[in-house]
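FYI, side chains are in, hydrogens and waters are out, and symmetry mates aren't considered; it's all heavy atoms of this structure. In each ligand, atom 1 is the first atom listed, and ligand 1 is the first ligand listed.
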Amino acid sequence: MIPFNRPGWIGNEAELIAEAFANEYIAGDGPFGKKVQALLEKQLAVKKALLTTSCTHALEMAAILLNLQPGDEVIVPSYGFVTTALAFFMQGAKPVFADIRPDTLNIDETKLAPLINKRTRAIVLIHYAGVGCEMDTILEIAKRHGIVVIEDNAHGLYGKYKGKYLGTFGALATQSFHETKNITCGEGGALLINEPSYIERAEIIREKGTNRSQFFRGEVDKYTWIDKGSSYVMSDILAAFLYAQMTQKDDIQSKRRKIWEHYYKHLKDWAIKNNVHLPTIPAYCESAYHAFYLLMPSFDVRTHFIKYLKENGISAVFHYLPLHQSEMGRKLGGEQYHCPVTEDISDRLVRLPFFNEMSQTELIAVTEAIQNYRFSDK
Ligand SMILES: *Cc1c(COP(=O)(O)O)cnc(C)c1O
């Protein structure tokens with residue numbers, strides 16, 4: 001079976017975990033945590049990077065930082081991950097669901113205006129599959145209305161929009177190091193802070209609502225309860241694993257680019273012939289190569305195609321269900337939102353196996369099986 005994802009050892013993860021134990025420091029913000037944060041800050045040129053237990057928790061921190069009041073609204077793409085909306089809902093905001101563009105599958109910046117009113121506090125976006133949203137337009141709209149932009153950059157680490165790294169545009173951005181992401185430590189995340197006024201409070205929120213970070217830096221002589229917060233710090237065992245992967249990021253990204261390009265090159269003609277669409281990357285975007293997907297002609301063809309691949313030992317998977325139509329989304333008035341592109345894409349998208357250590361043999365097996373698929377059987 002060729003899995004959809006297979007976590008891989010990429011470098012000296014085991015060695016560095018042993019080193020973390022030898023340091024006798026395996027709680028959070030130890031030597032490895034500090035190294036990873038410094039590396040992220042340097043590579044991306046962000047003001048502050050704080051490692052967290054997950055991307056979901058980084059999103060929760062972002063939501064707490066917004067000081068949301070009852071009735072406040074946060075715009076999220078309906079074609080999105082549950083916690084992209086949930087984290088803000090948990091802090092009292094009403095999620096407002098936006099549709100996506102039919103080409104990049106990113107939040108549709110041309111559909112934002114009617115969703116904005118005086119209760120709108122933030123626009124949260126996802127750079128889907130690692131391809132940048134239309135940041136110039138989105139930032140301009142946000143600035144005009146005094147709204148905060150938050151990038152859920154779980155897919156977009158090391159991707160670029162007009163030469164600038166994704167995750168460096170919004171006041172805040174979040175990363176995921178979950179097993180399914182390009183760079184991983186199993187479960188983990190980070191909050192990237194581009195707007196410096198958020199830094200001090202973010203450190204407090206991340207440390208159980210206390211000023212423990214300032215205490216450890218010797219800036220205060222005792223630490224105490226200051227604000228809202230929770231336990232969001234990543235263990236140094238995981239940070240050691242993550243550091244091993246981070247230092248191999250060029251290797252990881254180049255492997256992923258090759259996989260993406262193999263799929264694209266070998267499926268291009270097949271796609272045109274069979275009314276299938278391949279991913280779109282605008283000329284001014286550099287993909288983070290998080291995923292490769294196909295847009296099949298219909299829901300029925302997709303269902304049949306996934307079954308066919310499974311019978312041929314290949315695990316391909318669909319992706320997000322429209323959030324505005326989910327059980328929770330409907331309770332939040334989801335039916336009032338018009339997101340036809342989200343509904344259509346959700347029915348037709350299929351993601352192909354895509355992982356760092358995918359072999360040439362596996363890659364060829366997938367493209368050959370796809371080329372042998374007979375649309376007429378459906
Ligand atoms: C994976 C993912 C998350 C959640 O990441 P965790 O680290 O598992 O919390 C959030 N948003 C998007 C877009 C994701 O792909």
Open item on the list: Distance under 4.0 Å, heavy atoms only, partner ligand 1: which residues pass?
Closed with: S54, C55, T56, F81, T83, T84, I126, D152, A154, H155, S176, H178, K181, G188, Y320
- [ ] Report yes if the distance between the aromatic ring centroids of F354 and F292 is under 6.0 Å, otherwise no.
- [x]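 Here the rings of F292 and F354 have centres that are no less than 6.0 Å from each other.
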TODO: Kindly say whether the aromatic ring centers of H319 and Y293 come within a distance under 6.0 Å.
DONE: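 No, ring centres 6.0 Å or more apart.
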Task: Expected output: side-chain Q91 to main-chain L68 donor-acceptor under 3.5 Å - done: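 Flag not set: sc Q91 to bb L68 has no pair under 3.5 Å.
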TODO: Answer yes or no: is there an ion pair linking K255 with D251, defined by an N-O contact shorter than 4.0 Å?
DONE: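 Salt bridge between K255 and D251, a charged N being under 4.0 Å from a carboxylate O: yes.
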Task: Hydrophobic cluster membership, L172 vs F88, 4.5 Å side-chain cutoff - done: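 Linked within one cluster.
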Task: Linked, directly or transitively: F177 and L16 (ILVMFWY side chains, under 4.5 Å) - done: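 They do share one cluster, since a chain of ILVMFWY contacts under 4.5 Å joins F177 to L16.
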